[in-house]
Amino acid sequence: MAQPAVAASDLEARFSDILTPDTRKGYEGYIVKPEGLLAFAKALRDEYGYDYLSSVTGVDYLPNDMMEVVYHAYKITGGPPLVFKVQVPRDNPVVPSVTSIWPGADFQEREAWDLLGIRFEGHPNLRRILLWEGFWGHPLRKDWREPYYEGEHKPFKQRTSGPHFWHEDHSPFGKNVDYPPGFDPYTWEPETADQILYESVVQRTRKPEQEELHSEQVVVNLGPQHPSTHGVFRMIATLDGETVVALEPVMGYLHRNHEKIGERNTWIMNIPYTDRLDYITAMSNNFGYVLAVEKLMGLEPPERAQYLRVIMAELTRIVNHMWAIGFLLNDLGAFFTPALYAIEERELILDIFEAASGSRMMNNYMRFGGVVRDIPEDAWDMLVKLVTDRLPRKIDELDRFLTHNEIIKSRCLGVGVLTPEQAIALSTAGPVLRASGVPYDVRRAEPYGIYDRFDFEVAVRYHGDVYDRYLIRIDEMRQSLRILEQAIRDIPERGAPILAGKPQYQVRVPAGEAYGRVEGPKGELGFYVVSTGKANPWRYHVRAPSFINLTALEAMSIGNKVADLVVILGSIDIVLGEVDR
Amino acid sequence: MDGRGILQGLAVTLKHFIASYVDDFKRKNRYFSEEGVKYRSSPEVEGIFTIQYPEERRILHENFRYIPFLVYDEGEEGQRDIRCTACGICAKVCPAQTIWIVRAKDPNTGRPVSKPAEFYIDTTLCMNCGLCAEFCPFDAIIMDHDFEIAVYDKPDMVFDIERLLRPASYYQQIRPTQYAQKAAEREAKAKAKAARRGAARTK
Amino acid sequence: MKRPNGDELQKPGYDIPDELKGSVVVTTLNRLYNWGRRNSVWPMMFGLACCAIEMIATAASRYDLARFGMEVMRPSPRQSDVMIVSGTVTKRMAPLIVRLYNQMPMPKYVIAMGACASGGGPFKEGYNVVSGVDKLIPVDVYIPGCPPTPEALLFGLMKLQQKIEKQSFREVYTKPDYIPEPVLGPDLMDPRDYPKIREYTQKKLEALQQQAAQAAQG
Ligand code: SF4
Ligand code: SF4
């Protein structure tokens, strides 16, 4: 596969005035001057083939008085990333927006503005995304303190040396709140935030070119209390008659400050937190995180652990797709029967998870350098039976049950179409990308763990509509079963080590940065971690696939009927824990 | 678009419907028996899938975890030997920072001793992650199986040491494998220590 | 005097002592009323986070909420009796939760499912997290666990049933029907706290000014 080094000398020579290699220890890639960013990015996309911008995020280097924006760009044909960074002073962080080159940067830049206060010049819609308009400060900055501040990082002192207390008893309001000095609540107008929001949607409305029939446009608000079965998510749509002409997803209703907490945590503490990102696919999340940290530590898990990880990750994929299909059908109005059938299989798989890890959903199963415990024998027998007998049968049954159903077809075919060009430009990932005809799968494009050993096909469908996004999930489950069968066959005997080294709760992570990514069931799940060699991460960022897939929601919805919005949303398969983090 | 797809789908539903009755005839002891519950949580299950909690209970795997508890060994005179030494590792490793420990003091000298005087687990914070039990070097804090702990008042959710202590026999009952394994490890360690001491003496 | 216990009252032919007649009617009615309510508690279809997944699993075939008369998940607060707060309550969501609560008809119940809804859970120190839904609305049953397994939720629901069963007419309606919605300002603000907030921010400002003055002097 083409290493970026091939193009590197070329790149360096060509952009020698704006580009310097990043020479800090443990770092990779280039540092680009902000003035030259756009030209550089354009050349990267158009001439060097880095057409897929996977992740954009910021880092606050408080001691150096500098903010850094980190970009990870990939070729859609596979291979390692090209990492480049822009450094700006902390007191006035302004970076040109790359949304004109990679529209997929839209939400990610907004997030960096929201949480770190980095301004992206030229961004069409730079508003807060996870927090609300009017929030005090940019919380991911290192000098920003939450109202319940107890220390820069865990473990907190009071715990081992004092009686129990509740944080709220120390707060003057008895709540988790704090206000800026001199603030007067009586002059506050709470409606402004919503008004800004509605206006931004109305403004973007494109007037139909031919106005033969004059029709008035209405703005409709859906959510956040369950527009469908996908959690607290809100959409604001402008309708022309019944047709959607503009749409804005509004999120943040489940913003749980994952990253801020993650930077206070020690390395190992973050593993159970990752379970709660996308709470349906905890095992995959664990996998992604430990992979990123293992990269930093230079740790290689033993064989059996590698296989166990793959087994768990693939089972998770089946669980997730079962769930996604069940609830897509729910959104279509087939209330609960398909979901019931799907959940039945999920329960059986969860029994295996429970036996291996102790918990049905929040598995906390992987550790740096392996897994926490071997899968018990009874669970193994069950796993073998499930994989070889029951699951193939049940997936076929689900297929028979739904795929040819005329109602489903007429509601899904041609609805919510996303073209391959759009899908790549908008940085979508996972089933959404592959249903649009782009066979991009991290397991193939940049194999991690032991995925290079398995024989499977990257499922791909070509219409990019809701129906294909449904079909691709069935395909992927079948491929997962294929991988599982091979893994069951090849796994080393029980008794082989499952952890490199001793179990440790304080791991030594050398300074540096790492980006670990896995093909989660929802798409590319990436973890960007920066270590300073201390007990806790300096920066801990999650590239959440469902969050970034939502960037494409507007493109999918425009031109469709409002009644289909919920189905389109369902077909992206979002989980709010991951969208809002 | 002639409705064949719908019929095909309905056939699947019908099959499920019939299976639930057929299975009832085929199997004796399908309900309210351990055998029945086992069958209903096995990969062979067809037909009705429901486990009728609270009359029936799902068989929890030994590794199942909920809220942690503290182990004490029953002493000969009925006293409780708390295994915890207040080393604070669990409190340090706990991701949600749920554990508060106050060390006991020697009543005579006033110096801290290696026993907890107070031990709190705030279940409004605990994320059932099991890290505390995983890293406890004394096998003193163990993840419980008891999930029937809903309460009416919030202060009841803070478990103090009295609420947390459970006898080692309970531990053995819910996690026999782990109990045996850890006991064996301890024994081996004690033996090695004794051997070393013995060797030192003979020197 | 021998106190008639409930079971005996249900049997026909039990003659009620004269002096008790008035109250007995009330208790039996009460029992009937509570029996009806207890067995048809309709939850609101409303999930917040991870715990919601377990709530859905509880409604699915393995645990089957229908056995408790609770399978009718209502998407509208107007038709529901109990709000299962299943997941982390964020500040951004707080006004909406209070609004939903206000829209529920009396008598209404709230279950805090999971550590997050009970007290903030693992995310408690987060800047956008409310330390438990009881900071906003009164809670009837708390279910610890993260997430509570479906059985634990069922146990919590049974606890709620027990609570309903024991309530008398008078108690049923003692809950506040309306709670002022919090407002999203620089942080979450309870309208009832406004004077306190102003006092606090003023003090903070003064302290800052003093500091600045001192710095200027020194
Ligand atoms: S289970 Fe996890 S969160 Fe709970 S006390 Fe133990 S370490 Fe802390
Ligand atoms: S209590 Fe645990 S499982 Fe429930 S919402 Fe909170 S983090 Fe998720």
Side-chain angles (χ1 to χ4, degrees), chain A residues 130-132 134-136 139 144 146-150 166-168 172-186 188 190 193 224-226 229 231-232 252-258 260-261 264 272-273 275-276 279-280 323 336 339-340 343-344 346-347 360-362 576-577 580, chain C residues 44-54 56-57 59-62 75 77 87-88 90-93 95-96 100 116 119-120 122-132 135 146-147 149-150 183-191 193-194 196-198 200-208:
Chain A
L130 295 178
L131 293 163
W132 60 93
F135 186 81
W136 179 33
W144 193 94
E146 59 271 35
Y148 281 173
Y149 177 82
E150 218 185 315
W166 266 328
H167 275 295
E168 47 263 45
F173 300 97
K175 285 178 199 149
N176 185 7
V177 289
D178 197 7
Y179 307 95
F183 167 75
D184 185 359
Y186 289 99
W188 182 262
Q225 197 252 105
H226 264 242
T229 20
V232 278
Y253 292 96
L254 190 58
H255 179 46
R256 299 192 280 195
N257 332 123
H258 195 87
K260 184 86 181 172
I261 294 174
R264 298 238 188 275
Y273 275 96
D275 292 339
R276 285 149 183 87
Y279 26 77
I280 300 179
W323 188 271
F336 235 46
L340 283 181
I343 292 176
E344 209 166 289
R346 173 178 181 263
E347 287 287 340
R360 288 155 47 85
M361 283 171 69
M362 305 309 180
L576 264 293
D580 296 339
Chain C
M44 182 152 70
M45 190 156 114
F46 163 69
L48 287 172
C50 346
C51 285
I53 305 294
E54 286 295 52
I56 296 170
S61 34
R62 186 178 257 183
T88 323
T90 61
K91 290 181 187 168
R92 201 164 173 188
M93 196 64 198
L96 305 158
L100 288 171
C116 282
F123 298 97
K124 179 164 185 172
E125 72 253 39
Y127 47 85
N128 191 25
V129 176
V130 177
S131 319
K135 294 270 180 282
C146 179
T149 53
V183 174
L184 289 175
D187 209 326
L188 195 70
M189 305 188 287
D190 190 331
D193 275 351
Y194 276 6
K196 224 162 126 193
I197 294 174
R198 187 148 67 174
Y200 171 80
T201 54
Q202 278 307 324
K203 253 194 215 146
K204 224 170 151 181
L205 185 69
E206 276 158 30
L208 268 185

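Here is the naming used below: chain letters follow the sequence lines, and residue numbers restart at 1 for every chain.
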## Note on the structure
Looking only at heavy atoms, the pair that brings C146(C) and M362(A) closest together is O-CG, 3.8 Å
### Task
Side chain from CB out, backbone as N, CA, C, O: work out which of these in L131(A) comes under 4.5 Å of a heavy atom of chain C, or both, or neither.
both
### Query
Considering all heavy atoms of both residues, which atom of A57(C) and which atom of E347(A) are nearest to each other, and what is their separation?
CB-OE2, 3.7 Å
### Query
Side-chain contact, heavy-atom cut-off 4.5 Å: W132(A) with N128(C)?
yes
### Message
If I take atom SG from residue C50(C) and atom CZ from residue R256(A), how far apart are they, to the nearest 0.5 angstrom?
### Response
4.0 Å
### Query
Counting heavy-atom pairs under 4.5 Å to chain A, which of T88(C), L184(C), L205(C) comes out on top?
L184(C)
### Query
Is the gap between the ring centers of Y200(C) and F183(A) under 6.0 Å?
no
### Query
For D193(C), what residues pass the salt bridge (charged side-chain N to carboxylate O under 4.0 Å, His left out) criterion, not counting sequence neighbours?
K175(A)
### Query
What distance separates F123(C) CZ from L254(A) CG, expressed to the nearest 0.5 Å?
8.0 Å
### Query
Is it the backbone or the side chain of P147(A) that comes under 4.5 Å from a heavy atom of chain C, or both, or neither?
side chain
#### Entry: pair L96(C)-Y253(A): side-chain heavy atoms closer than 4.5 Å
yes
### Task
Flag the pair E54(C) and R360(A) as a salt bridge only when some basic side-chain nitrogen lies within less than 4.0 angstrom of an acidic carboxylate oxygen.
yes
#### Entry: 4.5 Å side-chain heavy-atom contact, Y179(A) and K204(C)
no
### Message
side-chain contact (heavy atoms from CB on, under 4.5 Å), that's the test. Do K135(C) and V177(A) meet it? Break it down for me.
### Response
CA-CA 12 Å; K135(C) 294 270 180 282; V177(A) 289; over 6 Å; no
#### Entry: Sub-4.5 Å side-chain heavy-atom contact between D187(C) and F173(A)
no
### Which atoms of R62(C) approach chain A - backbone, side chain, both or neither, heavy atom under 4.5 Å
side chain
## Note on the structure
The interface call for I53(C) against chain A, heavy-atom contacts under 4.5 Å, is both
### Task
For the pair K124(C) and E168(A), find out whether any cationic side-chain nitrogen is under 4.0 Å from an anionic carboxylate oxygen.
yes
### Query
Would H255(A) and Y127(C) count as a close aromatic pair, with their ring centres under 6.0 Å?
yes
#### Entry: Toward chain C, the part of I261(A) with a non-hydrogen atom under 4.5 Å
side chain
### chain C contact via R264(A) - side chain, backbone, both or neither, heavy atoms under 4.5 Å
neither
### Task
To the nearest 0.5 angstrom, please state how far the CZ atom of F336(A) sits from the OG atom of S61(C).
8.5 Å
### Task
Let me know if A49(C) has heavy atoms under 4.5 Å from chain A in its side chain, its backbone, both or neither.
both
### Summary
Interface check, chain C: of D184(A), D275(A), I343(A), most non-hydrogen pairs under 4.5 Å belong to D184(A)
### Message
Return the CG to CD1 distance between D178(A) and I197(C), rounded to the nearest 0.5 Å.
### Response
10.5 Å
#### Entry: Heavy-atom donor-acceptor pair, Y273(A) side chain to P122(C) backbone, under 3.5 Å
yes
### Task
Give, as side chain, backbone, both or neither, the part of Y149(A) having an atom under 4.5 angstrom from any heavy atom of chain C.
neither
### Proximal component of V129(C), with respect to chain A [non-hydrogen, under 4.5 Å]
both
### Query
Roughly how far apart are H167(A) NE2 and S131(C) OG, rounded to 0.5 Å?
8.5 Å
### Task
Provide the closest heavy-atom pair for L208(C) versus P181(A) in the form atom of the first, atom of the second, distance.
CD1-CG, 3.4 Å
### Task
Would you check if P172(A) and K196(C) make a side-chain contact, meaning some heavy-atom pair closer than 4.5 Å?
no
